[in-house]
Amino acid sequence: MPNSATASARFPDGFLWGAATAAHQIEGSPLADGAGPSIWTRFAHTPGMIVNGDTGDIACDHYHRWKQDVALMRELGLKAYRFSTSWSRILPEGTGRVNQAGLDFYSRLVDELLENGIEPLLTLYHWDLPAALDDRGGWLNRDIAQWFAEYGDVLYRALDGRVKKWVTLNEPWVVTDGGYLHGALAPGHRSKYETPIATHNLMRAHGAAVQAYRATGKHEIGLVVNIEPKYPASDSADDAAAVKRAHAYMNEQYLDAALLGRYPPELKDIFGDAWPQWPQEDFDLIRQKLDFIGINYYTRSVTKAAQSYPLDAAVVKQPLGTYTETGWEVFPQGLVDLLVWAKDRYGNIPTYITENGAAFFDPPVAEGGRIRDPLRIDYLQKHLGAIRQAIAAGCDIRGYMVWSLLDNMEWSLGYSKRFGIVHVNYGTQERTPKDSAHYYSKIVASNGASL
Ligand code: LGS
């Protein structure tokens, strides 16, 4: 007989095991069949923005190979697939005219997933804003809340019922920190004044899209955030204050707004005169009942006070730490800590780990088609162990999506970093499951018992 500790440390029945991708990172053919350009098409074609001058023009050619990719998911035994839709495929100008061919692409994909017993989780916004909307101010224009709700509504009407789990935004923090503050991501702005406005309009758009869903949809909708626990580099008061700022900025900002209807007070200290005073009705729009939250977890940061813009905080490298190819520390305990933190702060909302994974150096495909990626296996094993621990601590974790199904276009890092459990040969588009894919497949088949 298992004792109660062992029994409670199991993954619950029906745990949703899957893999995640995003439209711009895998589809390719961004302008096919009447689609309009997105800010990522534009950004990638701006010299100097992406490592090696890479673009998403071909990517994994998923736009043409979607059927094989679904067959691959089925071979791996995945129960769920998280993907995003490209706004400008569906509404080439961002609002108004619907491009039926774009909608049909996703409709076929969803049918194929369902026929193969794979549950779709659809993200409406994974960073590829229609360029036409950026020309109207993009996330800086208050009207975007309605534009986004209109786009959501087109998809809800076409797919709700077949799609039962919807996500409004992927990682609004990255959209604003990368896109509006530091300029490393599209649309490449660098403004302390724009950043809080973009944040706020993202959250208003989230609220408006949830409202529109409640009017039409019959299933579940949530928000995906990236969370990175912050630990102090020393026990000094200055470092403690830096941790508080970094934690408020990255971890509390978006969930506090969506679930508590306010921003943490530290943001005013961080942004100073650039932090606006928002009307209460905005928070009434932003704060909507959510059916679940999605958490993307990659790393932690050990934080110290330091002169930096605008946080006055810096990350301290850990000499004994293990780092991935992207330079992020492997720290599974951080996932337990932050899941328990989210449970305690926001109530035990059903939670999915909507991304977790790592880029490591992968050797070339060996004879017999094998790719040994032991570090990725180790990463997955440790993080799945962390999730099991969080479940034992009472967190309501409903599923796990590995990032990523395929090697793909890692934004400004281009194709230089490989996160896939399946290797992609970008010359031939051949897919080869890595050892980690076979490992994960066994985990899925045993509902985590083989961990
Ligand atoms: O490809 C993205 C993955 C890979 O790593 C995916 O589209 C995004 O949603 C997500 O942001 N992704 C990701 N994030 C890791 C960010 C860790 C930043 C750590 C910085 C430490 C100095």
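Position 1 is the first residue of the sequence; numbering continues from there. All values reported here derive from a predicted model rather than from experimental measurement. Remember, it's 1-based here, ligands and their atoms both numbered in the order they're listed.
Between His24 and Trp40, the ring-plane angle classifies as tilted under the 30° and 60° cut-offs.
Looking only at heavy atoms of the protein, atom 10 (C) of ligand 1 is closest to Glu355 OE1, 3.1 Å. Closest to atom 11 (O) of ligand 1 among all protein heavy atoms lies Glu171 OE1, 2.5 Å. Closest to atom 1 (O) of ligand 1, if we only count protein heavy atoms, is Glu410 OE1, 2.5 Å. Counting protein heavy atoms only, atom 20 (C) of ligand 1 is closest to Trp328 NE1, 3.5 Å. Counting only heavy atoms of the protein, atom 3 (C) of ligand 1 lies nearest to Tyr298 OH, 3.3 Å.
Ring centroid separation for the pair Trp87 and Trp147 does not come in under the 6.0 Å cut-off. Two rings, from Phe331 and Tyr231, have their centers less than 6.0 Å apart.
Heavy-atom contacts of Phe419 reach the following atoms of ligand 1: 4 (C), 5 (O) (cutoff under 4.0 Å).
At least one heavy atom of His126 sits closer than 4.0 Å to an atom of ligand 1. In this structure, Val315 falls outside the shell of residues with a heavy atom less than 4.0 angstrom from ligand 1. The closest approach between any non-hydrogen atom of Thr299 and ligand 1 is below 4.0 Å.
Among Arg376, Arg418, Arg372, the single residue meeting the salt bridge (charged side-chain N to carboxylate O under 4.0 Å, His left out) criterion with Asp362 is Arg376.
Taking 4.0 Å as the cut-off between side-chain N and carboxylate O, Arg108 and Asp104 do not count as a salt-bridged pair.
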From CA spacing to verdict: ring-ring contact (aromatic ring centres under 6.0 Å, His included), Tyr297, Trp403: CA-CA 10 Å; Tyr297 180 79; Trp403 185 271; over 10 Å; no
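Looking only at atom types and distance, the side chain of Asp312 has no donor-acceptor partner in the side chain of Gln307 under 3.5 Å away.
Residue-level proximity to ligand 1 for Asn170 is carried by the side chain, the only part with a heavy atom below 4.0 angstrom.
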